[in-house]
Protein chains: 2
Amino acid sequence: MQNINIELLKSYGLKATPQRIDILNTIEKLGHANIDEIYEIVKKSNPTISLATVYKNITALVEKALLKEVALNNFKSKYEIIKDRHSHLICKVCGKVTDVELNNEILLLSEQLSNNNNFNYKDIELNIYGICSSCA
Amino acid sequence: MQNINIELLKSYGLKATPQRIDILNTIEKLGHANIDEIYEIVKKSNPTISLATVYKNITALVEKALLKEVALNNFKSKYEIIKDRHSHLICKVCGKVTDVELNNEILLLSEQLSNNNNFNYKDIELNIYGICSSCA
DNA sequence: TTGCTACAAATAAAAATTATTAATTAGGAG
DNA sequence: CTCCTAATTAATAATTTTTATTTGTAGCAA
């Protein structure tokens, strides 16, 4: 098994179909991708794949908590492989998403914030909107 | 002019139509609302309004920076009147959004994070996902 | 082999959003 | 106050996005 994503899929109880492997590889390569980006790229190696399959698999992978949706203002949701907590720098011009390490300080402050408001904290999402260096 | 939102609209160079006033009043009352919620409520006081009108006005108000989109994972985007920086507690079960005061500490940490990454910081969005007290 | 299951492709259907057009209205000029 | 004009709206229509259904196929188990 050369491809780590095959193991990943199986460890989550999912069959490692070529389509799913392609989808995961694509997201992994891009870091973040929305449905259309994934579809366009996967089509190259798998020309008969249908858009519905991408939707269905993305949904399945999100349900299995293998992928995470990143809802964005003004852009279509992107998806990323779940890994360490991080924050997103989102360019208001081109929509590019860049990950940055999320420090524990922010994490703790967020948990405090939740506790103070009688809210059962599960997950944090810190999105920073601005202009990226290439668009500046 | 009893209604503050009329002045608000004019100060942004928009005509204060009953539809817009209704939409703003609704969002103000609810704090956060998605397109459908707004439509359903505005329809009561304005039964002939069309859904397309709500879409168009929401888009216009967002463009004029009078409203802010709040993109949510798994739920349709909600809209809020732009005011002081705050964070959102988002219930994963019912989708309810609650505002909480955002402390300066988090704000500063986010700006630092941006600067460290050569990113021109504009705006922060801290969304905390979890379970609200009524769903717990 | 035969039957069952999981899966995908292709389609169809539904839901959400945006565009068009003709009629109406808000707000300013006189 | 009344009239005029540009902005706005309702009512579609059209498009886009997302989800569901149908059909076929591959692989496994008995």
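Because the structure is a prediction, the values reported are computed rather than measured.
At the phosphate of dA6(C), neither OP1 nor OP2 sits under 4.0 Å from any side-chain N or O atom of Thr17(A).
When the options Asn25(A), Asn57(A), Ile27(A), Ile23(A) are evaluated for a side chain to side chain contact (heavy atoms under 4.5 Å, CB included) with Val42(A), the one that passes is Ile23(A).
Using modelled atom types, one side-chain atom of His86(A) and one backbone atom of Asp84(A) make a donor-acceptor pair closer than 3.5 Å. A distance-only check finds a donor-acceptor pair linking the side chain of Tyr129(A) to the backbone of Asn73(A) [under 3.5 Å].
Through side-chain heavy atoms spaced under 4.5 Å, either directly or across other Ile, Leu, Val, Met, Phe, Trp or Tyr residues, Val93(A) is tied to Ile131(A). Membership of an apolar cluster is not assigned to Ile82(B), as no side-chain contact below 4.5 Å to another ILVMFWY residue is traced.
Within residues 19-49 of chain B, the residues that place at least one heavy atom under 4.0 Å from DNA chain D are, in residue-number order, Gln19(B), Arg20(B), Thr48(B), Ile49(B). Residues from residues 52-62 of chain A lying near DNA chain D, meaning a heavy-atom separation below 4.0 Å, are Ala52(A), Tyr55(A) in numerical order. Shown for residues 64-81 of chain B: no residue has heavy atoms falling under 4.0 angstrom of DNA chain D.
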Validation: residues 115-123 of chain A side-chain donor-acceptor distances under 3.5 Å, sequence neighbours left out:
from, atom 1, to, atom 2, distance (Å)
Asn115(A), ND2, Glu111(A), O, 3.3
Asn116(A), ND2, Gln112(A), O, 3.4
Asn117(A), ND2, Leu113(A), O, 2.7
Asp123(A), OD1, Arg85(A), NE, 3.1
Asp123(A), OD1, Arg85(A), NH2, 3.3

Using a 3.5 Å cut-off and no angle test, enumerate the donor-acceptor pairs between side-chain atoms of residues 61-71 of chain A and protein atoms at least two apart in sequence or in another chain.
from, atom 1, to, atom 2, distance (Å)
Lys68(A), NZ, Glu125(A), OE2, 3.0
Glu69(A), OE1, Asn74(B), N, 3.1
Glu69(A), OE1, Asn74(B), ND2, 3.4
Glu69(A), OE2, Ser77(A), OG, 2.8

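Under the rule for a salt bridge (Lys or Arg N to Asp or Glu O under 4.0 Å), Lys96(B) has no partner lying at least two apart in sequence or in another chain. Partners of Lys83(B) under the salt bridge (Lys or Arg N to Asp or Glu O under 4.0 Å) rule, at least two apart in sequence or in another chain, are Asp99(B). Not a single side-chain hydrogen bond (donor to acceptor under 3.5 Å, both in side chains) links Asn34(B) to another residue, sequence neighbours left out.
At the heavy-atom level, Lys15(B) lies under 4.0 Å from base atoms of the strands shown.
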Short N/O separations, protein against nucleotides 24-29 of chain D, under 3.5 angstrom:
none

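The list of side chain to side chain donor-acceptor pair (under 3.5 Å) pairs with a residue in residues 35-50 of chain A, not counting sequence neighbours, reads Asp22(A)-Ser45(A), Asp36(A)-Lys76(A), Ser50(A)-Thr53(A).
Where Ala16(B) and Leu51(B) each meet DNA chain C at their nearest nucleotide, the meeting point lying more 5' is that of Leu51(B).
What you find for Ala16(A) and Lys10(A) is that their closest heavy atoms are CB-CE, 4.4 Å. Residues Tyr55(B) and Thr59(B) approach most closely at O-OG1, 2.8 Å, considering heavy atoms.
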